[in-house]
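Quick notes on the structure that follows.
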Amino acid sequence: MKTSSSSQALFPAASSLCTPYLLLVPLGLLAAVVVIPSLGSSHVRSDGLGVLCPSLGTDGYSVASGAEKVVSTAAAAAQPEFRLLVGVLTTPKRRERRDIVRLAYALQPPVPAYARVDVRFVFCGVDDPVDRMLVALEAARHGDVLLLNCTENMNDGKTHQYFSSVPRVFAGAPYDYVMKTDDDTYLRVAAMAEELRPKPRDDVYLGYGFAVGDDPMQFMHGMGYVVSWDVATWVSANEEILRHNDTHGPEDLLFGKWLNIGHRGKNRYSLRPRMYDLNWVMDNFRPDTVAVHMIKDNRRWAAAFRYFNVTAGIRPSNLYHLP
């Protein structure tokens, strides 16, 4: 399959709003600026403690037009039809994986002008001093880190903390949709934007639908799912979830359970088979892929990049001879 690629920067440059502030801080204090101490519980309410500065929600990088980010009056006047926040849940020690995932987003074809998509890597509290410094450096360089006030975990409340925090962190510039995905998922951003464009802006729950019981679309697979802003706001404000300690267990099942009990996310859309797990022999890629999951090592990432022809735009050079 041949898919055109672009080298556009989907991630913020080092000169983004908050980065200069960080670079003025002595390196030994950088981690203290970026990392807010965890209160030791994944169920403590907070504003999400966004990484670089309180106004993160009003800045950040845009992938709206496929061009490099240029701040101008004309660009500011061209408002997208909708905005999507993509939260990639990760852990501090997966630095190599994050570097690969950043490339996976940065070298994708441009997102159409009707959408703006912002990508953030989502952590809980970073306790190890080495990890804290290295995550701080990532935040300073890339400006794409979101640090939550919780203990690092996968199925012990991190997803709830993410969806609870986002409406407060970005209250000044709310999104239309919020996505949760993992760092072993290759999301094709333009394809997701194309899927979202005709969808309602309210009461949406979209992803890889699967059944538990009679309803064929009770839940969305944890590889990646999208909700509209009103659904995320409802999760954030719903004290019943915390009161019943209903954040422990498989996060995708629990998220669907909250929405089912609360009669939320009634506009449900399954993107199967365009969202799928990569099989062990890596021969089930699809040209119309929206997201492919289970890319857990470099060999599988290389297979994905090869199939989607990610290096198509590489410039010829006497310095290297690469496919």
Side-chain angles (χ1 to χ4, degrees), residues 82-89 111 115 117 119 122 154-155 157-160 162-164 166 175-236 238 241 246-280 282-296 300 304 308:
F82 66 87
R83 299 171 67 240
L84 166 66
L85 173 67
V86 178
V88 181
L89 272 61
V111 172
V117 181
V119 181
V122 181
M154 183 173 72
N155 286 317
K158 183 174 182 177
T159 295
H160 179 264
Y162 168 61
F163 280 102
S164 293
V166 161
Y175 288 85
D176 297 284
Y177 300 105
V178 181
M179 182 174 189
K180 174 264 169 187
T181 188
D182 296 328
D183 62 7
D184 63 344
T185 296
Y186 180 43
L187 172 67
R188 301 180 74 206
V189 180
M192 177 60 78
E194 182 181 16
E195 283 290 340
L196 289 174
R197 189 182 192 187
K199 302 295 190 292
R201 302 291 184 253
D202 298 305
D203 215 21
V204 169
Y205 182 31
L206 174 149
Y208 175 112
F210 66 97
V212 176
D214 296 331
D215 187 341
M217 289 181 59
Q218 286 182 331
F219 305 93
M220 300 297 169
H221 193 295
M223 72 167 73
Y225 48 87
V226 179
V227 297
S228 49
W229 185 257
D230 61 304
V231 173
T233 301
W234 176 83
V235 171
S236 177
N238 189 344
I241 296 173
D246 205 10
T247 60
H248 302 272
E251 55 90 12
D252 48 2
L253 292 175
L254 286 175
F255 195 90
K257 176 183 176 182
W258 305 333
L259 300 194
N260 291 338
I261 292 175
H263 303 289
R264 302 286 171 161
K266 294 180 181 178
N267 296 314
R268 301 193 178 193
Y269 305 93
S270 177
L271 299 189
R272 295 175 66 183
R274 297 182 66 196
M275 296 179 72
Y276 56 93
D277 285 333
L278 183 62
N279 64 24
W280 292 115
M282 300 182 293
D283 65 355
N284 64 323
F285 288 111
R286 297 173 54 96
D288 62 349
T289 295
V290 172
V292 53
H293 180 233
M294 296 292 288
I295 310 183
K296 294 184 176 295
R300 295 168 77 81
F308 294 110

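Along the sequence shown, residues are numbered consecutively beginning with 1. Computed over heavy atoms, backbone and side chain alike; hydrogens, waters and symmetry mates excluded.
- Taking the six-membered ring where the residue is Trp, the centroids of F219 and Y225 are separated by 6.0 Å or more.
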### Task
Check the pair M179 / L187 against side-chain contact (heavy atoms from CB on, under 4.5 Å), numbers first and verdict last.
CA-CA 11 Å; M179 182 174 189; L187 172 67; 3.7 Å; yes

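- Tested against Y177, the residues V117, V227, L85, L84 include a single side chain to side chain contact (heavy atoms under 4.5 Å, CB included) partner, L84.
- The aromatic rings of H221 and Y208 sit perpendicular, their planes meeting at an angle over 60°, well past the 30° parallel limit.
- Looking at residues two or more places apart in sequence or on another chain, you find no side chain to side chain donor-acceptor pair (under 3.5 Å) involving E194.
- Side chains of S228 and F82 form no contact here, defined as non-hydrogen atoms less than 4.5 Å apart.
- If you run side-chain hydrogen bond (donor to acceptor under 3.5 Å, both in side chains) between K296 and each of D182, D183, D184, only D184 comes through.
- Expressed to the nearest 0.5 Å, how far CZ of R188 lies from CZ of F308 amounts to 5.0 Å.
- Shown here are the ring-ring contact (aromatic ring centres under 6.0 Å, His included) partners of W229, two or more places apart in sequence or in another chain: there are none.
- Closest non-hydrogen pair, H293 versus D277, comes out as ND1-OD1, 2.7 Å.
- In this structure, CZ on R264 lies 9.5 Å from CG on L259, to the nearest 0.5 angstrom.
- In this structure a side-chain-to-backbone donor-acceptor pair under 3.5 Å is present from N260 to G256.
- Under a 3.5 Å cut-off, the side chain of Y186 and the backbone N or O of I295 do not form any donor-acceptor pair.
- Counting only distance, with no hydrogens or angles, the side chain of R300 and the backbone of M282 share no donor-acceptor pair below 3.5 Å.
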### Task
Determine, step by step, whether H160 and W258 satisfy the side-chain contact (heavy atoms from CB on, under 4.5 Å) criterion, reporting the C-alpha distance in whole Å, the side-chain angles of both residues, the deciding distance to 0.1 Å, and the verdict.
CA-CA 10 Å; H160 179 264; W258 305 333; 3.5 Å; yes

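- The shortest heavy-atom contact between T181 and M223 is OG1-O, 2.6 Å.
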### Evaluation steps, side-chain contact (heavy atoms from CB on, under 4.5 Å), between L89 and E251
CA-CA 12 Å; L89 272 61; E251 55 90 12; over 6 Å; no

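- Minimum interatomic distance between V178 and A232 (heavy atoms only, all atoms of both residues): CG2-CB, 4.2 Å.
- With a 6.0 Å radius and a threshold of 12 heavy atoms from other residues, nucleotides or ligands, K266 has its NZ atom at or below the threshold.
- Closest approach of Q218 and R268 over heavy atoms only: O-NH1, 3.0 Å.
- Distance check: K158 NZ to T247 OG1 gives 14.0 Å after rounding to the nearest 0.5 Å.
- The two residues A191 and T289 come nearest to each other via the heavy atoms CB-O, 3.7 Å.
- No donor-acceptor distance shorter than 3.5 angstrom exists from the side chain of S164 to the backbone of S236, with no hydrogens or angles considered.
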### Task
Begin with the C-alpha distance, continue with both residues' side-chain angles, and end with the deciding distance and a verdict on side-chain contact (heavy atoms from CB on, under 4.5 Å) for M192 and L206.
CA-CA 10 Å; M192 177 60 78; L206 174 149; 3.9 Å; yes

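- F163 CZ to K180 NZ: the interatomic distance, rounded to the nearest 0.5 Å, is 8.0 Å.
- Rounding to the nearest 0.5 angstrom, the gap separating the OH atom in Y205 from the OG atom in S270 is 10.5 Å.
- Residue R286 holds its CZ atom at 7.5 Å from OH of Y276, rounded to the nearest 0.5 Å.
- The shortest side-chain heavy-atom distance between D203 and D230 falls under the 4.5 Å cut-off.
- For K199, the side chain to side chain donor-acceptor pair (under 3.5 Å) partners two or more places apart in sequence, or in a different chain, are E195.
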